[in-house]
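One structure is given here, and the rest of the page talks about it.
The chain is numbered in sequence order, starting from 1.
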Amino acid sequence: MLLTAQLREALNLPGDRPTMIQQFTDKSYLKSALKNSLIRVPKYLIFAQD
């Protein structure tokens, strides 16, 4: 999904951009985005992928 979004952006084609796709595929990004909303999110920790 992310690769196709990157291709759409590079070729200036209509559709979702990588930043939009990231919100749905990266759980830590999603939770960070929801942190400042009215939606309650359980406490969580983000671990590095080393």
Side-chain angles (χ1 to χ4, degrees):
M1 288 176 64
L2 183 57
L3 177 59
T4 56
Q6 291 169 336
L7 288 171
R8 279 192 297 266
E9 185 172 61
L11 299 173
N12 200 25
L13 297 172
D16 293 331
R17 298 299 187 221
T19 53
M20 178 63 84
I21 298 297
Q22 185 182 18
Q23 294 177 15
F24 301 106
T25 58
D26 184 343
K27 190 178 268 191
S28 62
Y29 185 89
L30 172 66
K31 288 185 181 223
S32 295
L34 291 174
K35 186 177 180 181
N36 296 323
S37 71
L38 297 176
I39 300 172
R40 294 176 52 191
V41 179
K43 292 182 181 179
Y44 60 94
L45 295 174
I46 299 171
F47 294 94
Q49 295 180 347
D50 292 341

(message) Are L13 and L2 linked, directly or through intermediate hydrophobic residues, by side-chain heavy-atom contacts shorter than 4.5 Å (ILVMFWY only)?
(response) no
(message) Is the shortest side-chain heavy-atom distance between E9 and P18 below 4.5 Å?
(response) yes
(message) So, applying side chain to side chain contact (heavy atoms under 4.5 Å, CB included) with R8, which one of T4, L11, N12 is it?
(response) T4
(message) When you group the ILVMFWY residues by side-chain heavy-atom contacts below 4.5 Å and let the links chain together, are L30 and V41 in the same group?
(response) yes
(request) Mind checking the OH-CD1 spacing from Y29 to I21? Nearest 0.5 Å is all I need. (result) 11.5 Å
(message) Return the CZ to CE distance between F24 and M1, rounded to the nearest 0.5 Å.
(response) 8.5 Å
(request) Taking all non-hydrogen atoms of both residues into account, name the closest pair between S37 and L34 and its distance. (result) OG-O, 2.7 Å
(request) Starting at CZ of F47, measure out to OG of S28 and round the result to the nearest 0.5 Å. (result) 12.0 Å
